[in-house]
Amino acid sequence: MNKLYMIMISASLALAGCETTTGVTAVGQQQIKTYRISSLNQGKIARTILEDVNKMRTTNNHSAMAYDATLNLAAAVHSKDMAAQARPWHWGSDGSSPKDRTEKAGYKGEFLGELISETYETEVETLAAWTTQSDTMAILMDERAQDLGFAWYQEPNGKIWWTLISGKP
């Protein structure tokens with residue numbers, strides 16, 4: 001089943017026309033492609049993630065998800081906080097849990113799951129990586145999930161901190 005997801009995500013990546021530049025990573029002197037998010041493609045990134053997640057969900061006979069502004073806010077806050085802490089993890093610098101952050105953002109529904117990533121890769125490559133792990137795939141395919149929040153923070157060196165949050169109204 002994951003092979004089908006990878007094919008769908010690869011098709012999205014090919015259509016996305018990602019904007020990349022070559023740079024030096026913060027670790028060592030290895031040259032890598034660095035995906036730069038421009039202000040012009042920010043909305044496209046959000047649409048791509050929602051469409052790809054919903055394609056996977058409908059393939060599994062699950063209902064589609066919709067963006068929720070409060071979950072987007074909680075995801076954005078956590079992405080920036082992970083960058084400030086210089087580590088990808090689910091706890092905020094103030095000790096907050098993902099559930100705490102969704103409540104603080106004003107989400108009235110039930111928090112279901114959070115996916116995070118620290119990478120130089122695109123949103124589509126990040127989503128593809130999440131589909132290869134059973135625990136992260138379970139969050140994406142949770143039958144109860146109806147709301148989605150997705151945000152990122154990109155450092156000047158190109159590193160991106162991605163956060164996806166799911167919930168149920």
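Worth knowing before you read on, the calculation uses all heavy atoms, side chains too, and leaves out hydrogens, waters and symmetry mates. Just so you know, these numbers come straight off a predicted model, no measurement behind them.
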**OP:** Using side chain to side chain contact (heavy atoms under 4.5 Å, CB included) as the criterion, point out the one residue from I49, I116, T119 that pairs with T126.
**Re:** T119

Original post:
L127 pairs by side chain to side chain contact (heavy atoms under 4.5 Å, CB included) with which of T122, L115, T136, D52?
Top reply: D52

**OP:** Decide, yes or no, whether a salt bridge links E103 with K99 under the criterion of side-chain N to carboxylate O below 4.0 Å.
**Re:**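 Salt bridge flag = yes for K99 with E103.
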
[X] to [Y] - nearest heavy-atom pair and separation:
{"X": "S96", "Y": "D100", "result": "CA-OD2, 3.6 Å"}
{"X": "P98", "Y": "E114", "result": "CG-OE1, 3.3 Å"}
{"X": "W161", "Y": "P88", "result": "CZ3-N, 3.5 Å"}

Could you tell me if the side chain of [Y] sits less than 4.5 Å from the side chain of [X], heavy atoms only?
{"X": "F111", "Y": "L71", "value": "no"}
{"X": "Y120", "Y": "I160", "value": "no"}
{"X": "S117", "Y": "W130", "value": "yes"}
{"X": "S166", "Y": "M65", "value": "yes"}
{"X": "M56", "Y": "T131", "value": "yes"}
{"X": "I139", "Y": "L112", "value": "no"}
{"X": "T70", "Y": "T102", "value": "no"}
{"X": "E118", "Y": "K159", "value": "yes"}

Original post:
Going by atom types only, do Y35 and E123 share a side-chain donor-acceptor pair under 3.5 Å?
Top reply: yes

Original post:
Strictly by modelled atom types, are Q42 and S39 linked by a side-chain donor-acceptor pair under 3.5 Å?
Top reply: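 No, because no side-chain N or O of Q42 sits under 3.5 Å from a partner of the opposite role on S39.
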
Subject >> Hphob cluster co-occupancy, L164 + Y67, side-chain heavy atoms under 4.5 angstrom >> reply: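 Yes, L164 connects to Y67 through the hydrophobic network.
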
Donor-acceptor pair, [X] side chain versus [Y] backbone, under 3.5 Å?
{"X": "N54", "Y": "E51", "value": "no"}
{"X": "T58", "Y": "N61", "value": "no"}
{"X": "R57", "Y": "L140", "value": "yes"}
{"X": "Y153", "Y": "A84", "value": "no"}

**OP:** Output every pair passing salt bridge (Lys or Arg N to Asp or Glu O under 4.0 Å) with a member in residues 65-82, not counting sequence neighbours, ordered by first then second residue.
**Re:**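 Listed by first then second residue: nothing to list.
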
**OP:** Please list all pairs passing the salt bridge (Lys or Arg N to Asp or Glu O under 4.0 Å) test where one or both residues lie in residues 140-155, with sequence neighbours left out.
**Re:**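 Sorted result for residues 140-155: E110-R144, D142-R144.
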
**OP:** Please list, chain by chain and in numerical order, all residues satisfying ring pair (Phe, Tyr, Trp, His ring centres under 6.0 Å) with W162, sequence neighbours excluded.
**Re:**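 For W162, the residues satisfying ring pair (Phe, Tyr, Trp, His ring centres under 6.0 Å) (neighbours in sequence not counted) are F150, W152.
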
Subject >> Contacts of E121 that satisfy salt bridge (charged side-chain N to carboxylate O under 4.0 Å, His left out) - sequence neighbours left out >> reply: none

**OP:** Check side chain to side chain donor-acceptor pair (under 3.5 Å) between Q146 and all other residues, then give those that pass, not counting sequence neighbours.
**Re:** none

**OP:** Output all residues satisfying side chain to side chain donor-acceptor pair (under 3.5 Å) with W89, sequence neighbours left out; order by chain, then residue number.
**Re:** Q85

**OP:** Please round to the nearest 0.5 Å and tell me the distance separating atom NZ of K55 and atom OG1 of T59.
**Re:** 9.5 Å

